[in-house]
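Okay, so here's the structure we're looking at.
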Amino acid sequence: MKIDVKKIAQQNDKFRKTFCGGQILLTYGISSLPMPQQFEITQKVKEFNNFTEDNDPYGEHDFGCFEYKGQQIFWKIDLYDLNYEFYSPQPDDENQTNRTLTIMFAEEY
């Protein structure tokens with residue numbers, strides 16, 4: 001079974017930029033911030049486009065990090081099966097894949 005990594009990256013970008021088509025999870029640290037700060041952080045996640053060999057070695061656009069008010073923020077997209085139990089059996093097929101985007105402080109990773 002050949003996986004189309006470019007297709008996964010496109011799907012992950014679409015999900016991350018729109019927050020449509022999956023679950024968005026904010027860790028306790030992020031969700032305990034005032035709403036305007038949560039909004040700023042989620043906007044930075046949506047606008048993120050600094051993918052490099054170091055932070056995206058497989059080319060899936062499934063991880064990013066940035067600084068916000070002196071703290072490192074991580075975001076990570078995980079690809080699950082339709083029941084959110086296991087890794088997707090065909091991660092480049094949106095009909096077999098559920099996405100979860102988690103936004104966290106680096107120390108919560």
Side-chain angles (χ1 to χ4, degrees):
M1 163 177 69
K2 181 142 172 59
I3 304 294
D4 187 340
V5 174
K6 288 185 182 191
K7 192 173 181 183
I8 291 172
Q10 291 170 344
Q11 292 168 355
N12 283 344
D13 285 344
K14 179 182 170 188
F15 171 50
R16 180 179 45 79
K17 290 177 181 182
T18 64
F19 284 8
C20 294
Q23 295 181 0
I24 307 299
L25 302 173
L26 304 179
T27 59
Y28 178 78
I30 301 295
S31 64
S32 66
L33 294 172
M35 288 302 287
Q37 290 183 16
Q38 290 180 46
F39 178 78
E40 289 173 357
I41 289 168
T42 58
Q43 285 304 113
K44 285 177 95 54
V45 170
K46 287 181 174 185
E47 295 166 1
F48 185 88
N49 201 26
N50 186 27
F51 295 103
T52 66
E53 187 80 22
D54 290 333
N55 69 14
D56 191 35
Y58 302 107
E60 295 181 350
H61 291 194
D62 62 349
F63 174 83
C65 63
F66 55 89
E67 187 174 308
Y68 178 77
K69 296 190 180 225
Q71 293 191 281
Q72 278 291 108
I73 306 291
F74 287 174
W75 61 264
K76 174 78 173 100
I77 297 175
D78 292 299
L79 309 176
Y80 291 101
D81 65 11
L82 296 180
N83 295 320
Y84 288 100
E85 291 183 271
F86 305 104
Y87 188 73
S88 173
Q90 188 69 38
D92 58 354
D93 181 354
E94 289 183 310
N95 295 316
Q96 297 184 57
T97 304
N98 280 327
R99 285 176 163 71
T100 299
L101 169 61
T102 305
I103 304 171
M104 68 200 92
F105 285 115
E107 65 263 15
E108 294 179 298
Y109 188 68

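Position 1 is the first residue of the sequence, and the numbers go up from there.
Annotation: Tyr84, atom OH; neighbour count of heavy atoms from other residues, nucleotides and ligands within 6.0 Å is above 12. Atom CZ of Phe19 has more than 12 heavy atoms from other residues, nucleotides or ligands within 6.0 Å. The environment of OH in Tyr109 is sparse: at most 12 heavy-atom neighbours from other residues, nucleotides or ligands sit within 6.0 Å.
No side-chain donor-acceptor contact under 3.5 Å links Asp4 to the backbone of Asp92. Between the Arg16 side chain and the Lys46 main chain, a donor and an acceptor come within less than 3.5 Å of each other. Although no hydrogens or angles enter the test, the distance criterion places a donor-acceptor pair under 3.5 Å between the side chain of Asn98 and the main chain of Leu82.
When all heavy atoms are compared, the tightest approach of Phe74 to Cys65 is CD2-CB, 3.4 Å. Nearest heavy-atom pair across Pro91 and Leu79 is CB-CD1, 3.7 Å. Heavy-atom minimum distance, Ala9 versus Gly59: CB-O, 3.3 Å. Here the closest heavy-atom approach between residue Ile41 and residue Phe66 is recorded as O-CZ, 3.8 Å.
Under the 4.5 Å side-chain heavy-atom criterion for Ile, Leu, Val, Met, Phe, Trp and Tyr, Ile3 and Tyr58 are members of distinct hydrophobic clusters. With hydrophobic clusters built from ILVMFWY side chains whose heavy atoms lie under 4.5 angstrom apart, Ile8 shares a cluster with Leu101. Cluster membership check: Met104 does not share its hydrophobic cluster with Tyr68, using side-chain heavy-atom separations under 4.5 Å among Ile, Leu, Val, Met, Phe, Trp and Tyr.
Taking the charged nitrogens against the carboxylate oxygens, Lys76 and Asp62 do have a contact shorter than 4.0 Å, which makes a salt bridge.
Expressed to the nearest 0.5 Å, how far OH of Tyr80 lies from CZ of Phe86 amounts to 11.5 Å. Rounding to the nearest 0.5 Å places CD of Glu67 at 8.5 Å from NZ of Lys44. To the nearest 0.5 Å, the span separating CD on Glu47 from OG1 on Thr42 amounts to 9.5 Å. Distance check, rounded to the nearest 0.5 Å: CD of Glu40 to NZ of Lys69 gives 5.5 Å. Rounded to the nearest 0.5 angstrom, Thr97 OG1 and Asp78 CG are separated by 12.0 Å.
Using bins of under 30°, 30° to 60° and over 60° for the plane-to-plane angle, the ring pair Phe51/Phe48 lands in the perpendicular bin.
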Worked verdict on Ile73 versus Phe105 for side chain to side chain contact (heavy atoms under 4.5 Å, CB included): CA-CA 5 Å; Ile73 306 291; Phe105 285 115; 3.5 Å; yes
Pair His61-Asn12, side chain to side chain donor-acceptor pair (under 3.5 Å): steps then yes or no: CA-CA 6 Å; His61 291 194; Asn12 283 344; over 6 Å; no
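In this structure, the side-chain hydrogen bond (donor to acceptor under 3.5 Å, both in side chains) partners of Asp93, at least two apart in sequence or on a different chain, are Gln96. Listed by chain and number, the residues in a ring-ring contact (aromatic ring centres under 6.0 Å, His included) with Phe15 amount to none (sequence neighbours excluded).
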Donor-acceptor pairs under 3.5 angstrom involving side-chain atoms of residues 20-33: please list them, not counting sequence neighbours.
from, atom 1, to, atom 2, distance (Å)
Thr27, OG1, Ile103, O, 3.4
Thr27, OG1, Glu108, OE1, 2.4
Thr27, OG1, Glu108, OE2, 3.3
Ser31, OG, Thr27, O, 3.0
Ser31, OG, Tyr28, O, 3.2
Ser32, OG, Tyr28, O, 3.2
Ser32, OG, Gly29, O, 2.9

